[in-house]
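Okay, structure first, notes after.
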Number of protein chains: 2
Amino acid sequence: MQLKKYTDYGLRILMYLASRNDNKLTTIREICDVFDLSANHVNKVVHHLGQLELITTKRGKNGGFSLSKTPSEIHLDYVIRQLEGDEPWIDCYSSYCVAVPACKLRGLILRGKEEFYQYLHDYTVADLMTGSGAELATIFRQRLASAEA
Amino acid sequence: MQLKKYTDYGLRILMYLASRNDNKLTTIREICDVFDLSANHVNKVVHHLGQLELITTKRGKNGGFSLSKTPSEIHLDYVIRQLEGDEPWIDCYSSYCVAVPACKLRGLILRGKEEFYQYLHDYTVADLMTGSGAELATIFRQRLASAEA
DNA sequence: ATTAAAGATACATTAATAATACGACTTATA
DNA sequence: TATAAGTCGTATTATTAATGTATCTTTAAT
């Protein structure tokens, strides 16, 4: 019972973009440098975030991506649901269980899952950062500088 | 993001035991017949449930196991937490992330997880069965009869 | 036009972990 | 004392997440 690293990476990318208050585009390369992740994997997550229209991507030279909404408009439940995939947390049908017709387990787990997401709905990417986000921005800047050195 | 089948099996076993209103012991063999599961796996889950003192096991000839509490005393959050393992749903430490010191993600996911379990705390094994549980008992009886045939 | 930078996409491989199987041991009782 | 039943450790298999490789497309600078 764990969120995928894929989802984790997605959240970090959004956090990174939110920490930048300039209007410059960020590249996959930059993300890799800061978080020390493989370009291949980041690639996929960035693409996914683009398809979800959470970020706007621009191909070609001097391309990159940036948030397409303000950080406080990006609700965590949505991001996690989409990146994680919204399958039921228990699969009572494919591995068929004789009890299914008279069992309320599935429904309860579904509701419990919704409680999890409902809680996260009240928080956004802006809420991920302590204080103003300046602390995080500093960490990122330093990390980028030392990676480029 | 899925509960383990292991946890699922545990819940089914408890449900099965709850559906029996006689005082007879149930055997691993019987569980396997009813749910069509491998004995080896059920073995481990039964053992685990015994260690959690949710069931009382009796070795030797004519042995078996039965619930050590009434179904309405067994809260689902406890069962799932124990069988599933109570690790954080996101691991920000072992795969170290530079953002950690200034990031509130971990705390939010932890709280969200608690919301999930808190919801389940209000339900017990007794609540898993529709109505009086008679329907489920019938299903199990039929399944057992046809497996033994 | 050409070239280099950047994301898009498909496919292959590796690593992690859940699921299952096997086998030996212990306990209890008919 | 034979046998049924749970206990427990280890090994194997299957599934899926994670990562890697390669190629394509787009875009802007030169």
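Keep in mind the model is a prediction, meaning the values are calculated, not measured. Chain naming here is simple, since letters A, B, ... match the order of the sequence lines and numbering starts at 1 in each.
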Exercise for the section: Check step by step if salt bridge (Lys or Arg N to Asp or Glu O under 4.0 Å) holds for A:Asp8 and A:Arg12. Expected result: CA-CA 6 Å; A:Asp8 181 13; A:Arg12 291 199 217 175; 3.1 Å; yes
Practice task
To the nearest Å, give me how far apart CG (B:Asp8) and C1' (C:dA18) are.
Solution key: 13 Å
Handout entry: Distance test, side-chain N/O of A:Ser38 to OP1/OP2 of D:dG20, below 4.0 Å
Key = yes
Practice task
Rounded off to whole Å, could you give me the CE-to-P distance for the A:Met1 and D:dT16 pair?
Solution key: 16 Å
Problem - Backbone N/O of B:Leu17 and side chain of B:Thr26: donor-acceptor pair under 3.5 Å - result: no
Exercise for the section: Evaluate salt bridge (Lys or Arg N to Asp or Glu O under 4.0 Å) for A:Asp33 paired with A:Arg29, printing each intermediate quantity in order. Expected result: CA-CA 6 Å; A:Asp33 283 347; A:Arg29 174 69 189 283; 3.7 Å; yes
Exercise for the section: Taking atom CG of A:Asn23 as the centre, report whether more than 12 heavy atoms of other residues, nucleotides or ligands fall under 6.0 Å from it. Expected result: no
Handout entry: A:Glu84 side chain vs A:Arg81 backbone, donor-acceptor pair below 3.5 Å
Key = no
Handout entry: Pair A:Lys113 + A:Asp86, salt bridge at N-O below 4.0 Å
Key = yes
Handout entry: Rounded (10°) bend between the five-pair end axes of the helix from C:dA1-D:dT30 to C:dA30-D:dT1
Key = 0°
Problem - D:dT16 phosphate, OP1 or OP2, under 4.0 Å from A:Tyr6 side-chain N/O - result: no
Exercise for the section: Over 60° means perpendicular and under 30° means parallel, so classify the ring planes of A:Tyr16 and A:Phe35, tilted if in between. Expected result: perpendicular
Exercise for the section: May I ask you to evaluate whether B:Tyr9 reaches the phosphate of C:dA18, defined as a side-chain N or O under 4.0 Å from OP1 or OP2? Expected result: no
Handout entry: N or O in side chain of A:His41 less than 4.0 angstrom from D:dA18 OP1/OP2
Key = no
Exercise for the section: Spell out, as yes or no, whether a donor-acceptor pair under 3.5 Å connects the side chain of A:Lys44 to the backbone of A:Tyr6. Expected result: no
Exercise for the section: Could you list by number each residue of residues 42-51 of chain B showing a heavy-atom separation from DNA chain C of less than 4.0 Å, or answer none if no residue does? Expected result: B:Lys44
All N/O contacts under 3.5 Å from nucleotides 2-6 of chain C to the protein, with atom names and distances to one decimal?
residue, atom, partner, partner atom, Å
C:dA5, N3, A:Lys61, N, 3.4
C:dA6, O4', A:Gly60, O, 3.1

Practice task
Answer yes or no: is there a donor N or O on one side and an acceptor on the other, between the side chain of B:Thr7 and the main chain of B:Leu3, under 3.5 Å?
Solution key: no
Practice task
Would you please classify the geometry between the B:His121 ring and the B:His75 ring as parallel, tilted or perpendicular, with 30° and 60° separating the classes?
Solution key: parallel
